[in-house]
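All values below come from the heavy atoms of this structure, side chains included, with hydrogens, waters and symmetry mates left out. Just so it is clear, the model here is predicted, and its values are computed rather than measured.
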Amino acid sequence: MESVTRPAANIDGGQNGEKAKDRCGYFQMPLHYPRYTRAEYEAMQEWKLNCLLKEYGLPITGNVEHKRKFAMGAFLWPH
């Protein structure tokens, strides 16, 4: 009996070595949902807010207060 195999598909779908992340942007969902409290968001430094928002593919525009409000609205759930 003969083995049936297919040639390996180009997973990236790119041409001439072009990668999918170079064509369409690149986002990989983080494994864990952030677990900060309201007090931690209110005291969080701007660079840490930027990293957190960027990690989840969210906009990092505006001043630090705007970023804090945005992060709290995105990640804190009302009880």
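- If you take NE2 on H66 and CG on L49, they are separated by 12.0 Å, rounding to the nearest 0.5 Å.
- When all heavy atoms of N50 and I60 are compared, the closest pair comes out as O-CG2, 3.6 Å.
- Atom CG of residue N63 and atom NZ of residue K69 lie 9.5 Å apart, to the nearest 0.5 angstrom.
- Every side-chain contact (heavy atoms from CB on, under 4.5 Å) that R38 has, sequence neighbours left out, goes to E42, M72, L76.
- Remark: F75 CZ to L53 CG distance equals 6.0 Å, nearest 0.5 Å.
- Scored by the side-chain contact (heavy atoms from CB on, under 4.5 Å) test, K48 finds Y36, M44 as partners (sequence neighbours excluded).
- In this structure, Y33 and Y56 have perpendicular ring planes: the angle between them is above 60°, well past the 30° mark.
- Under the rule for a side-chain contact (heavy atoms from CB on, under 4.5 Å), the partners of Q45 that lie at least two apart in sequence or sit in another chain are W47.
- Checked against side-chain contact (heavy atoms from CB on, under 4.5 Å), T61 has the following partners two or more places apart in sequence or in another chain: P59.
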